[in-house]
Structure formats: C-alpha cells, structure tokens
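Worksheet: one structure, shown below.
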Amino acid sequence: MAKALRTEALLDFLRAVQQDARRLVAPVEEDGLRLFRAVDRVEEITLAEGNTRWSFKEVLFPRSEALFHYRLSGGSVALQEPDQPEGETVVFGARPCDAAGLAVLDAVFAPNGRPDPDQAPEHEDPFYRRRRAQTTIIGLACLEPGPACFCTAVGLSPTGTAGSDLLLTPLPDQGVFLAEAVTEKGERLLAAHAHLFTDTDDTKEQATRAAEGRIQRTALSGVGGPLATLFEAPPWEELAARCLGCGACAFVCPTCHCFDIVDEGNAAGGSRCKFWDSCGFALFTAHTSGHNPRATQPARFRQRVLHKFRYLPERFGVQGCVGCGRCIATCPVNMDIQEVVAKVTG
Amino acid sequence: MANVYLPYLMTVAAVRDETPDVRTLRLEFQDESIREGFRFRAGQFGLYSVFGQGECVFCIASPDTRPGAIECSFSYRWGGKVTSALSRLTVGDTMGFRGPYGNWFPLDAMRGKNLVFIGGGIGMAPIRSIFETALDQRAEFGDILLLNGARSVSDLVYKAETEAWIARDDITCVKTVDPGGETPEWDGKVGLIPKVLEELAPSATNALALVCGPPIMIKFALESLAKLGFGKEQIYTTLENRMKCGSGQCGRGNIGGCYVCKDGPVFSAAELEQLPPEF
C-alpha cells in the first residue's frame, strides 16, 4: 500500500532526514536563480514548480574536482590522494527527469553496477562511484511542467520513479504527498521515519494524467537507420547554422558528462583536476597537430545529438536525453534539440 | 577503491633523439612491485604526464616481451604543452604514466603467418612495439617484412635499430624516404611507401599486414595492399584521437558509436570501413 506524508509534515521529515545524513541538498533561491545547494535550515528549501537552473548532477559529478595533488621539490614528486568526498548525502527535490538522467551517469562512470564501492573494477570513476553509493535521491514529481519540458516525448513522465530512491508526488487536494519507495534506500528512509507516514488508498494517477497533459511536444524515438546515412543525410549545416558553440546546453544538461583533465598549480605543486567540458567547444577534439576530427560546428552539434539519441542507447541501452528542456530554455540562439531530433527522425 | 587517475611514478632512464623533433624516452617504474608486475600488450596506449603541465596520450613503443620498463616516442614538432614539457625531461627526472589502455594487435592470429609491417614517420612507434614483440618470438612466425618510411632521411625514426634489422638475415627490412627527402649518402629506397610496397610485392597468402602512419599514407597503403591481394580482414592499423581519461568516459575518443580508447586503437581495415568519416 502507498504511503502518505501530510503536506505540513514535509519539513519535519526533511529535518529528520538532515539529522541522519551529513548533508541535505535541495533547491533554494539564490541570486534570483533556483539552485541545488547544501542547506543548513530546511525552511530555505523552495518547492516552486518547474526545473532548477541546473540539475543536481554536480552532487555526484562536480564541475571541478581534484583527482590527486602533487608536490614538487628538487627533482622529486610526491603524490597525494584527495580528501574523501562529502559523505552521506540526501538530495531532495530531484525532478523525475533529472533523476532519470542518473542512468546515463551510472552507465558511463560506474558501468559495473552500484552495489559495492570497494569492489570497483578498473576504469570506473572512483569519485563518482563513492558519491553515488553515499547519496540518496528523494524525487519530487512535477504537477506543472514548463514550456520547454518534453519528458513524455522521450518515454518518461513528470511523476516517473526512475532514478529516485523515494518519490514524493504532491496531491494538493488531499493535502498530502504520496510517497513511493523505489529502492531499498527509499524503503529504509520510509522505515526510519515511519511515524510521519500513513497508509493511503490515494493514487497519483490523476496527477500524472494532468501533468502529462500539459506537455505538448511530440514523441521522439531513438535515432535509427544506418549511421552512414545519418552522418550525411540530415541537413546538419542548416540544423546547426545558429550554433555558437558556447557549451551552455552541456552545462545545464542532467546527462552530459564530458570532461577535461588539467593540471592546476605552481612550481611547488598543485592538483590534477577534472573539469566539465563540452563537445560543442571547437578545441574539444582538436589534435595538437591542428587536425580536428570534428572540425566544424555542425559536426560538433551532430555529435551532441547522435551521442544522446544514438550512441548511448546503442552502447549502454540508455537514452541520453530526459526531456528536461533546459538546453532549449538556456540556448542563447534558440536551438531546440527536440525539434532537431523530430526533423532528423522525421 | 583504486584511483584510476593516479599515475605510476616513472624515472626517465634514457633519452634518445630519433629526429630533430621526435624523441624516445625509456621509463622505469619507481615502485618495485609495479616494475615487476606491470604487463601490457603491443598496440596498447597510455597517458604520459609531466606534473604541472598535464597528460597526453601515446602508444607504448617498446615490445611487450620485455617487462620492467616502457618506451614512448613522441613528436614535439607542434609545440604542444605536454609534449614540449616531455621534451625538456632529462635522465633521472620523474614523470607519470598510467595505463595500459585499449586493445592490442592480434598476436595470436599472427602466429604461423607471414607478417608485413609498415610504418610511416612516427607511425613506426606502434609498429616497433608489435614488430619487436614478434622478433622476440621469431620462430612463431613465417616470413617477416618491415618497411620503415619517412618524408626525409632526417625524419626517419629508429635509425640505428633499422640498420640492425636490415643486417639480420631472418627478416627483411627496407627503409625508404619520399622523393626529394634523400641525401647523397642515403643507401635506402627513394619512393613513397605505397610505391615501394608494391615493388616489394609481399604475397598475401597466409599473411597479415600491420600498417601505421599518417592518414594519407594509410589510405594509399591500403589501396596498395588491396592490389597485392590482401583482404580487409588481413590488414590492421591504429587510430588515434585526443583523449583525456583513456577509458571511454571523457567524451572525446569516439568516432560515431565506436570508442578509439575502448574498441581500439587497433582496428582491422574491415572495421575501419564501417566507421563514419570522423577521424
């Protein structure tokens, strides 16, 4: 049977959750933007509808992080592991689209599954894996998707559970959040705070129908057909003619995961760091010799679209786009990936 | 959990100039247990780093039959940040290496076969690794032909080793330079690699060809091999891409849906044909 949490008991629940974890990350208002931040007081959390500026991706995959530190003295080099990551973290307020995006990050950074962080085989990202094991996701279903949202077009739902450990769906008429435990972590969370939850016969069916009805964009499937044709046939020059290569779409995307590795430091020492990067940047694939396999912006935009809609499904069985609409809302020249894919597949 | 980004500390044991802008470093593992335990397969690559400057990717240029140290050969012609820093290292300096990554040349499929090795310019680096690996197990293979070519005499890499290979009577080694690249003292061939290859006309029967070099050379060498009767499954080459992680995560290494760092760097000509034109 589903569980219900009274609307006015939400902050009590979050306060209790915060006491158990080392860190609670949730949407707050900051400088006019809605951002995920570690919160001190649960009263700071905003429950406003719509998406935050960025997804909570950076809780697991920070914009920059030290892979190790190095110290140089004379001819000798000493390496030092970075500090352990932040510890037990609960993310509250993850939208179903952003939570679903974890499937992509998991597939790329932790391809061998989640269970045991100490048994990771080679070639997994140890930092991601450790954070992932220590993070619990409390999803918050959308009742009012925004104008750029198209999660239903990529097979997701504003009330979908994928990626969440526990999903809360607001049912304002009943004055409750419907609580669904999706994973064992979610079950544990419910059990630990059982006194706040009651059994209920309510369902989210009506809320789901209403929210999905607000999304007007057409359905997209994976980008099929022979790759050779896809490379040449769609008018990539035309589709990408406006693209400035600014990379904003990648930075706001909940699934984009490309990164750069750079040494930051001085003559005495420093850190080798991993930074977010974007396939839209001209230098992303440029060889030192000057040769660039993706020499033009249309070639780079094609990579972005095909990576999400072709290569990720083909290689990992995951869809690279969750329909959050952030790239559409953020693009300074109004590029629209949903329209592009509709054209490419159409 | 192991930090895959933490490189092994290496001591530069030897520095050798191959050409005015290509250098070979011999690198020894500082940690004794790693020195003894480290294994790779010819064709695999690694990320080489100078602390404070960053990492860059090359193949391992030494054979996989001689553990304990590795060699890399790199060009610093274009003044890249890390390659320039690597070119300033001297014997005794400490640098970093992590790897090995990627797949390798099909050594098992090569056993019992006649082998044709073709290297153009710095493309000789991966060829040298698999060629010397084969030489170290000479009895396992049929006829061996190596063609080492460069634009000019001064650009020919592994000059001293090439002379030693030419002197051997259990293999055939031919050196060539592009027309105009010869000197009065030059005692090798003068001609582009594909042309010299067709003159040498190795038989395609029970043979495999391994060819590495600049894209334009690969293109015409593949055509010449086809003329000689080599099927696409009988030809192997290596590709390279800019890479950061070396293991399919950073997003640079793919050509279409194929990851050079995971599915490569070694590809058969048949596999190459399936890739979209993005390399």
Side-chain angles (χ1 to χ4, degrees), chain A residues 67-68 70-72 75-77 79 81-82 108-109 111 117-120 122-127 129-130 227-228 230-232 256-263 265-267 269-270 272 274 277-279 284-294 299 302-303 306-307 310-312 314-315, chain B residues 1-9 11 30 47 49-56 75-84 90 92-96 101 214-215 239-263 274-279:
Chain A
L67 301 171
F68 61 86
Y70 56 85
R71 263 202 325 279
L72 311 172
S76 77
V77 179
L79 304 186
E81 292 268 6
V108 173
F109 291 135
D118 293 321
Q119 290 296 314
E122 244 187 326
H123 301 321
E124 293 210 332
D125 187 310
F127 304 97
R129 225 186 138 87
R130 210 178 280 129
L227 189 57
L230 277 175
F231 246 68
E232 305 303 340
C256 272
H257 53 269
C258 290
F259 59 85
D260 195 3
I261 296 177
V262 175
D263 284 8
N266 56 31
R272 184 158 295 162
K274 195 166 93 175
D277 206 342
S278 167
C279 61
F284 186 67
T285 50
H287 295 195
T288 310
S289 64
H291 173 67
N292 192 345
R294 298 178 204 142
R302 175 178 63 197
Q303 158 68 16
L306 295 183
H307 191 198
R310 178 64 180 262
Y311 308 149
L312 281 167
E314 214 169 56
R315 198 168 181 97
Chain B
M1 180 178 0
N3 183 349
V4 291
Y5 292 108
L6 206 62
Y8 302 126
L9 291 180
T11 302
Q30 292 183 356
L47 281 123
S49 59
V50 178
F51 299 100
Q53 302 299 321
E55 291 184 309
C56 59
S75 166
Y76 51 102
R77 181 181 311 156
W78 293 285
K81 185 177 178 188
V82 182
T83 40
S84 297
T90 55
D93 283 349
T94 293
M95 49 86 74
Y101 297 111
L239 292 178
E240 56 181 31
N241 252 346
R242 188 169 184 179
M243 294 175 196
K244 289 294 179 171
C245 66
S247 57
Q249 299 172 3
C250 71
R252 283 170 181 70
N254 67 306
I255 298 171
C258 169
Y259 280 70
V260 172
C261 50
K262 301 281 276 187
D263 308 321
Q274 299 301 314
L275 297 177
E278 199 183 43
F279 51 93

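Just so it is clear, the model here is predicted, and its values are computed rather than measured. Just so it is clear: chains get the letters A, B, ... in the order the sequence lines come, proteins before strands, and each one is counted from 1.
Between the side chain of B/R242 and the main chain of A/A286, a donor-acceptor pair closer than 3.5 Å is present.
Proximity of B/N3 to A/P82: side-chain heavy atoms (C-beta onward) are separated by under 4.5 Å at one or more points.
Distance NE2/A/H291 to CG/B/N241: 7.5 Å, rounded to 0.5 Å. With values rounded to the nearest 0.5 angstrom, B/K81 atom NZ is found 7.0 Å from A/D263 atom CG.
Under the rule for a side chain to side chain contact (heavy atoms under 4.5 Å, CB included), the partners of A/E314 that lie at least two apart in sequence or sit in another chain are A/R310.
Between B/F51 and A/Y70, the ring planes are tilted. Angles from 30° to 60° get that label. Using a 30° and 60° split on the angle between ring planes, A/H307 and B/Y259 fall in the tilted class, from 30° to 60°.
Heavy atoms of A/A299 lying under 4.5 Å from chain B belong exclusively to its backbone. For B/D93, no part lies under 4.5 angstrom from a heavy atom of chain A. The part of B/Q53 that comes within reach of chain A is its backbone (N, CA, C, O), which places non-hydrogen atoms under 4.5 angstrom from that chain. Looking at B/V82, there are no atoms closer than 4.5 Å to chain A (heavy atoms on both sides), in backbone or side chain. Neither the backbone nor the side chain of A/V262 comes within less than 4.5 Å of any heavy atom in chain B. Contacts between A/F231 and chain B at a heavy-atom distance below 4.5 Å involve the side chain alone, from C-beta outward. In this structure, chain B has heavy atoms under 4.5 Å from both the backbone and the side chain of A/I261. Contacts of B/P7 with chain A are made by both backbone and side-chain atoms, with heavy-atom separations under 4.5 Å. Residue contact with chain B, scored on non-hydrogen atoms closer than 4.5 Å, is absent for A/L306. Residue B/L6 touches chain A through both its backbone and its side chain, counting heavy-atom pairs closer than 4.5 Å.
When the candidates A/G270, A/P293, A/S289, A/S76 are compared by the number of heavy-atom contacts under 4.5 Å with chain B, A/S289 comes out ahead. Across B/G80, B/G256, B/S247, B/G96, the residue that shares the most heavy-atom pairs under 4.5 angstrom with chain A is B/G256. Your options are A/D260, A/L230, A/V108, and the one with the most heavy-atom pairs under 4.5 Å with chain B is A/D260. Of the residues considered (A/H257, A/Q303, A/R302), A/Q303 shows the highest number of contacts with chain B, using heavy-atom pairs under 4.5 Å. Interface check for chain A: of the options B/N254, B/L9, B/T94, the most heavy-atom pairs under 4.5 Å are formed by B/N254.
A pairwise comparison of heavy atoms in B/G251 and A/C258 identifies CA-SG, 3.5 Å as the closest pair. Nearest heavy atoms, A/F68 versus B/Y5: CE2-O, 3.2 Å. Residues B/C245 and A/F259 approach most closely at CB-CZ, 3.7 Å, considering heavy atoms.
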For B/V4 and A/E124: C-alpha separation, side-chain torsions, deciding distance, then whether side-chain contact (heavy atoms from CB on, under 4.5 Å) applies. CA-CA 8 Å; B/V4 291; A/E124 293 210 332; over 6 Å; no
Step by step, work out the side-chain hydrogen bond (donor to acceptor under 3.5 Å, both in side chains) result for B/S49 and A/R272. CA-CA 10 Å; B/S49 59; A/R272 184 158 295 162; 3.1 Å; yes
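The pair A/D277-B/K244 fails the salt-bridge criterion, with no side-chain N (NZ, NE, NH1 or NH2) lying under 4.0 Å from an Asp/Glu carboxylate O. Under 4.0 Å is where a charged nitrogen must lie from a carboxylate oxygen, and between A/R315 and B/D263 at least one such pair does.
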